[in-house]
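To keep things clear, I will list the structure first and then write my remarks on it.
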Amino acid sequence: MRALALIAGPVASLVAGLVASLALAAPAAAQDFGATTQMQLDALRLQQQLDQQRSVAQHNELMALDARLRAEQAARTLEAQRAPTVLPRTPYSGPPAQIDTSRLPSIPDEALAESNRRVREISKNPR
């Protein structure tokens, strides 16, 4: 028993020392954890800011490309409008055909004047 007491004394002091050092080290460990967490949060915020800046830069580049594309399309449209119009060629050549109008039906001038008078009369009196 006495041998156990002799051993227990140094072991007990060793255990007490360990407990005391752990108790003192706990706040330091908590501070390290808090500092690590803060560093991680700062790194995450920095990454988010970089991603936001990259997104804005890409958006601006797309808008610039879109504006350039529209300007080029407008320039091509204007150039096409300036080009002379090419009329289609007739499938035959030579003088135009002569039509004998004496054989076409005709309406006498008196009949046309009478028709015109009736149309005007009807248009003045709506129902």
Side-chain angles (χ1 to χ4, degrees):
M1 283 282 213
R2 193 160 203 219
L4 190 57
L6 287 174
I7 296 174
V11 171
S13 64
L14 181 65
V15 169
L18 277 173
V19 168
S21 65
L22 286 176
L24 292 175
Q31 289 174 357
D32 287 344
F33 179 73
T36 303
T37 303
Q38 186 61 40
M39 286 179 13
Q40 289 173 342
L41 285 174
D42 290 342
L44 181 61
R45 285 188 189 115
L46 178 64
Q47 186 63 39
Q48 287 175 340
Q49 287 176 349
L50 291 174
D51 289 343
Q52 178 67 23
Q53 289 174 355
R54 190 176 306 117
S55 173
V56 168
Q58 285 177 343
H59 179 74
N60 289 343
E61 187 176 351
L62 283 174
M63 290 296 112
L65 288 173
D66 183 52
R68 185 169 45 149
L69 178 66
R70 288 177 191 265
E72 288 174 359
Q73 286 175 342
R76 280 195 301 269
T77 301
L78 286 174
E79 189 66 32
Q81 289 173 352
R82 282 188 213 146
T85 304
V86 178
L87 297 176
R89 294 182 178 242
T90 56
Y92 55 88
S93 61
Q98 297 295 323
I99 299 175
D100 183 16
T101 57
S102 65
R103 294 178 29 190
L104 295 176
S106 65
I107 301 173
D109 289 340
E110 297 83 28
L112 287 174
E114 180 62 25
S115 174
N116 191 20
R117 185 192 60 75
R118 284 185 299 202
V119 168
R120 288 182 184 212
E121 186 178 305
I122 291 171
S123 66
K124 287 182 183 177
N125 297 325
R127 293 185 187 219

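The figures here come from the full heavy-atom set of this structure, side chains too, leaving out hydrogens, waters and symmetry mates. What you see is a predicted model; the values in this text were computed from it and never measured.
- By the 4.5 Å side-chain criterion applied to Ile, Leu, Val, Met, Phe, Trp and Tyr, L41 is assigned to no cluster and stands alone.
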I'd like a table of donor-acceptor pairs (distance under 3.5 Å, sequence neighbours excluded) in which one partner is a side-chain atom from residues 56-65, with atom names and distances.
from, atom 1, to, atom 2, distance (Å)
N60, ND2, V56, O, 3.4

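- Listed by chain and residue number, T77, L78 satisfy the side-chain contact (heavy atoms from CB on, under 4.5 Å) test with Q81 (two or more places apart in sequence, or in another chain).
- Residues satisfying the salt bridge (charged side-chain N to carboxylate O under 4.0 Å, His left out) test with R89, not counting sequence neighbours, are none.
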Task: Residue pair M39, T36: steps toward the side chain to side chain contact (heavy atoms under 4.5 Å, CB included) verdict - done: CA-CA 5 Å; M39 286 179 13; T36 303; 5.7 Å; no

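- Every residue meeting the side-chain contact (heavy atoms from CB on, under 4.5 Å) condition with D66, not counting sequence neighbours, appears here in chain and number order: R70.
- Remark: E79 engages R82 in a salt bridge (charged side-chain N to carboxylate O under 4.0 Å, His left out) (not counting sequence neighbours).
- When hydrophobic residues (I, L, V, M, F, W, Y) are linked wherever their side-chain heavy atoms come within less than 4.5 Å, the members clustered with L50 are L46.
- In this view, D51 and Q47, R54 satisfy the side chain to side chain donor-acceptor pair (under 3.5 Å) rule, not counting sequence neighbours.
- Hydrophobic cluster of I107: the remaining members, joined at side-chain heavy-atom separations below 4.5 Å, are L112, listed by chain and number.
- The local environment of CZ in R68 is sparse, with at most 12 non-hydrogen atoms from other residues, nucleotides or ligands closer than 6.0 Å.
- Judged as a side chain to side chain donor-acceptor pair (under 3.5 Å), and not counting sequence neighbours, the contacts of R117 are E114, E121.
- Under the side chain to side chain donor-acceptor pair (under 3.5 Å) criterion, S102 pairs with D100, not counting sequence neighbours.
- Remark: D109 engages no residue in a side chain to side chain donor-acceptor pair (under 3.5 Å) (not counting sequence neighbours).
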